[in-house]
Amino acid sequence: MSADRDLFLHEFIDINGMHQWDYMEHTLQQSGDEKVEFELLGTWYTMGITARWPQVVNVWEIPGGWDGWFGKVDRLGLKRASNVTLNAWWKQAFEYRSGGFDRLLGAVPGCPNIDSLQRDGVRGSLFVHELTEVRPGTALEYLAAVREERAPLLAEYGHTLVGLYEVLMNDYEVCTIWATDADAHVRAGKARDVARGLATE
């Protein structure tokens with residue numbers, strides 16, 4: 001039996017010093033490589049005025065869904081010590097990073113993938129990554145509401161949905177990603193304040 005659900009990996013990488021760009025370039029070298037097999041959806045650095053820094057955020061698409069994930073779990077578990085093909089990459093990576101936190105994500109209906117994002121020409125100079133805690137067991141309901149209600153509203157303010165995921169290692173977290181730019185981001189923020197009665201137009 002095979003499943004056709006798209007799986008993704010969302011990574012927060014803690015960066016040593018000023019090596020954000022070095023690590024992002026290092027990440028690009030591995031995208032699609034036969035040793036890694038993940039496809040890079042995007043690599044970004046965190047602006048210090050928005051969240052924890054210095055940090056890089058990567059999102060990888062996992063070809064083959066659960067079968068593709070099996071290959072990584074099998075190879076990076078007890079077999080990691082014998083995985084000599086990646087040793088040089090790991091060694092260089094640890095010059096730039098000190099650790100990180102990964103989340104396995106499952107796409108839900110309406111979630112784009114790399115092919116559809118490329119086909120639709122989705123671009124942005126600012127990408128908003130949202131990790132949201134929901135009531136345990138309600139992730140799918142929340143994400144359906146984002147797709148049906150929030151995405152059309154944010155589209156009016158120049159935000160395009162890039163990711164719509166449930167976090168698969170727990171039952172209380174979801175991840176959404178939006179492509180936008182600074183001007184649209186500010187316009188959306190102002191409109192939100194007006195809608196909540198915190199500002200006037």
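Note: His26 and Tyr23 have tilted aromatic rings, judged against thresholds of 30 and 60 degrees for the angle between ring planes.
Partner Val162 forms a side chain to side chain contact (heavy atoms under 4.5 Å, CB included) with one of Leu117, Val128, Thr180 and no other, that one being Leu117. Partner of Phe8 under the ring pair (Phe, Tyr, Trp, His ring centres under 6.0 Å) criterion, chosen from Trp69, Trp60, Phe38, Tyr165: Tyr165.
A heavy-atom distance below 4.5 Å is not found between the side chains of Val56 and Thr46. No side-chain heavy atom of Val167 sits under 4.5 Å from any side-chain heavy atom of His10. Considering only heavy atoms from C-beta on, Glu39 comes within 4.5 Å of Pro63 through its side chain. By the 4.5 Å heavy-atom criterion applied to side chains, Asp6 and Ile62 are not counted as neighbours. Counting heavy atoms from C-beta on, the side chains of Ile13 and Val57 never come closer than 4.5 Å. The shortest side-chain heavy-atom distance between Leu126 and Met47 falls under the 4.5 Å cut-off. Using a 4.5 Å cut-off on side-chain heavy atoms (C-beta onward), Asp14 and Trp53 make no contact.
Shown here for Glu148 and Pro152, the closest heavy-atom pair between the two residues is O-CG, 3.5 Å. Of all heavy-atom pairs between His159 and Ala188, the closest is CE1-CB, 3.7 Å. The two residues Glu95 and Asn16 come nearest to each other via the heavy atoms O-ND2, 3.6 Å. When all heavy atoms of Asp102 and Leu9 are compared, the pair lying nearest together is OD2-CD2, 3.7 Å. Nearest heavy-atom pair across Thr200 and Val194 is C-CG2, 4.0 Å. Nearest heavy atoms, Ala182 versus Ser125: N-OG, 4.3 Å.
Remark: Leu40 CG to Met24 CE distance equals 9.0 Å, nearest 0.5 Å. Once rounded to the nearest 0.5 Å, the distance linking OH of Tyr157 with NZ of Lys190 reads 12.0 Å. Taken from CG in Leu164 to SG in Cys175, the straight-line distance is 9.5 Å, to the nearest 0.5 Å. Here the straight-line distance linking atom CZ of Arg192 with atom CZ of Arg196 works out to 4.0 Å at 0.5 Å rounding. Separation of atoms CD (Gln92) and CZ (Arg97) is listed at 11.0 Å; rounding is to 0.5 Å. Rounded to the nearest 0.5 Å, atoms CH2 (Trp178) and CG (Leu161) are 4.5 Å apart.
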For this session: Check the pair Leu7, Leu168 against side-chain contact (heavy atoms from CB on, under 4.5 Å), reporting the backbone distance first and the verdict last.
Result: CA-CA 9 Å; Leu7 298 182; Leu168 296 177; 3.7 Å; yes
Exercise. Is there a side-chain contact (heavy atoms from CB on, under 4.5 Å) between Thr43 and Glu25 once you walk through the steps?
Worked result: CA-CA 9 Å; Thr43 181; Glu25 287 295 329; over 6 Å; no
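Ion pair Arg187/Asp183 flagged as a salt bridge, since at least one NZ, NE, NH1 or NH2 atom sits closer than 4.0 Å to an Asp/Glu carboxylate oxygen. The existence of a salt bridge linking Glu166 and Arg103 is excluded, since no basic side-chain nitrogen approaches an acidic carboxylate oxygen closer than 4.0 Å.
In this structure, Ile49 is a member of the same hydrophobic cluster as Ile15, with clusters built from ILVMFWY side-chain heavy atoms closer than 4.5 Å. Grouping the Ile, Leu, Val, Met, Phe, Trp and Tyr side chains by contacts below 4.5 angstrom, directly or via other members, places Leu105 with Val122. Both Leu131 and Leu41 are part of a single hydrophobic cluster, where members link through side-chain heavy atoms under 4.5 Å apart. Both Ile114 and Ile177 are members of a single hydrophobic cluster when ILVMFWY side chains are connected at heavy-atom separations under 4.5 Å. A continuous path of ILVMFWY side-chain contacts below 4.5 Å connects Met169 to Trp66, so both sit in one hydrophobic cluster.
The ring of Tyr45 has its center closer than 6.0 angstrom to the ring center of Trp21.
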